[in-house]
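These notes are about the structure you will find just below.
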2 protein chains.
Amino acid sequence: MPSPKPDLHAILDLDRTIHEPARLAILTVLAAAEEVEFLFLQRITGLSKGNLSSHTQKLETAGFLETLKAFRGRIPVTSFRITGEGRAALQAYHRQLRALLPKEGKP
Amino acid sequence: MPSPKPDLHAILDLDRTIHEPARLAILTVLAAAEEVEFLFLQRITGLSKGNLSSHTQKLETAGFLETLKAFRGRIPVTSFRITGEGRAALQAYHRQLRALLPKEGKP
DNA sequence: TGAAACTAGTTTGTAGCACAAACTAGTTTT
DNA sequence: AAAACTAGTTTGTGCTACAAACTAGTTTCA
């Protein structure tokens, strides 16, 4: 009987910053794309601007992404990059999820 | 290129009732044990009584568990059972998690 | 026997959070 | 020069997780 039930601590210790679906979606995109613009992120996630703005600020405060402000012509453009810390946290979160999932092919 | 990035909808459509770690922990125990007493649940999860009470009430309202009130001698004992609906929802949640995890063995 | 301590859980109060509407600041169009 | 648009932030609201305080009864012990 190696691992009969998923470890409850693995569940209760999940990183809440990443566990929020909106932020997990954001980090997932950033992890795949390296640098992503605000509007692109808004469109593929379907989040409202306000919601996206506050979630990216929260992820920035956590150190998981950095915000890059620039201009395209005269129009402001905000982009995001995942940080090393953010990538590490996302991978750790993935490991936590795997740990709590029952083995594949269980009824 | 079959499934290059995890589906963002799979992330944003996660069942919030189960996504909350405390409730996921509760359902995970119930799924493994068939019938579980309040105090046992409290001890292995480490949740406070108040917190456990409100989460189990929420899960009951969602139809995911049933509450059984009884007496042991003259002492009241509350137990819980996962419902068929609850088991199905937990399995669906597990499938959703698997869908959003990158393939095993990715950097 | 009656007061104190314990059992088993619920209700209440609070701080924090997700979310969208309203707003800011500037640009382009008409 | 007014109207409409772009890009994003701030504000307000309603919900939610959490523990402290409470309810209702039981057992211990002085």
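Below, chains carry the letters A, B, ... as their sequence lines are ordered, and counting in each starts from 1.
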Out of dC19(C), dT9(D), dT10(C), minimum distance to the side chain of Q57(B) belongs to dT10(C)
Under 4.0 Å from OP1 or OP2 of dG9(C): is there any side-chain N or O of T78(B) that close? yes
Assign each of E37(B) and R23(A) the nucleotide of DNA chain C bearing its closest heavy atom; nearer the 5' end lies the nucleotide of E37(B)
R16(A) near the nucleic acid: base, sugar-phosphate alone, or nothing, with a heavy-atom cut-off under 4.0 Å? sugar-phosphate
Closest of dT26(D), dT27(C), dT10(D) to the I75(A) side chain is dT27(C)
Whole-Å distance, K69(A) NZ to dT9(D) P, equals 4 Å
Identify whether any heavy atom of L47(A) sits under 4.0 Å from a base atom; if not, whether one sits that close to sugar-phosphate; answer base, sugar-phosphate or nothing.
-> nothing
Sorted by position of nearest nucleotide on DNA chain D, 5' first, the leading residue of F80(A) and A22(B) is F80(A)
- When all nucleic acid strands are considered with a 4.0 Å heavy-atom cut-off, which category describes L52(A): base, sugar-phosphate, or nothing? nothing
Rounded to whole Å, the CG-P distance (D15(B) to dT16(D)) equals 13 Å
Taken to the nearest whole Å, CD/E60(A) to P/dT9(D) is 9 Å
* Taking only side-chain nitrogens and oxygens of H55(A), does any of them come within less than 4.0 Å of OP1 or OP2 of dC17(C)? -> no
Rounded to whole Å, the CZ-P distance (F40(A) to dA7(D)) equals 15 Å
Between CZ of R72(A) and C1' of dT28(C) the distance, given in whole Å, is 16 Å
Of dT10(C), dT28(C), dA18(C), the nucleotide closest to the side chain of R74(A) is dT28(C)
note: F71(A), atom CZ; dT6(D), atom P; distance rounded to Å ~ 17 Å
dist F80(B):CZ -> L52(B):CG (nearest 0.5 Å) comes out at 6.0 Å
Rounded to whole Å, the NZ-P distance (K58(A) to dG16(C)) equals 11 Å
Answer yes if Y93(B) and L12(A) sit in the same cluster of Ile, Leu, Val, Met, Phe, Trp and Tyr residues linked by side chain heavy atoms under 4.5 Å apart, and no otherwise.
no
Regarding the side chain of N51(B), the nearest nucleotide among dA7(D), dA17(D), dT10(C) is dA17(D)
Which of Q57(B), E60(B), R81(B) passes side chain to side chain donor-acceptor pair (under 3.5 Å) with T67(B)? Answer is E60(B)
Exercise. Run the salt-bridge test on E37(A) and R43(A) with the 4.0 Å N-O cut-off and return the result as yes or no.
Key: no
Here the gap from I82(B) atom CD1 to L90(B) atom CG, rounded to the nearest 0.5 Å, amounts to 5.5 Å
Rounded to whole Å, the NE2-P distance (H19(A) to dG16(C)) equals 20 Å
_With a 4.0 Å limit, can you tell me whether S48(A) has a side-chain N or O closer than that to the phosphate oxygens OP1/OP2 of dC19(C)?_
no
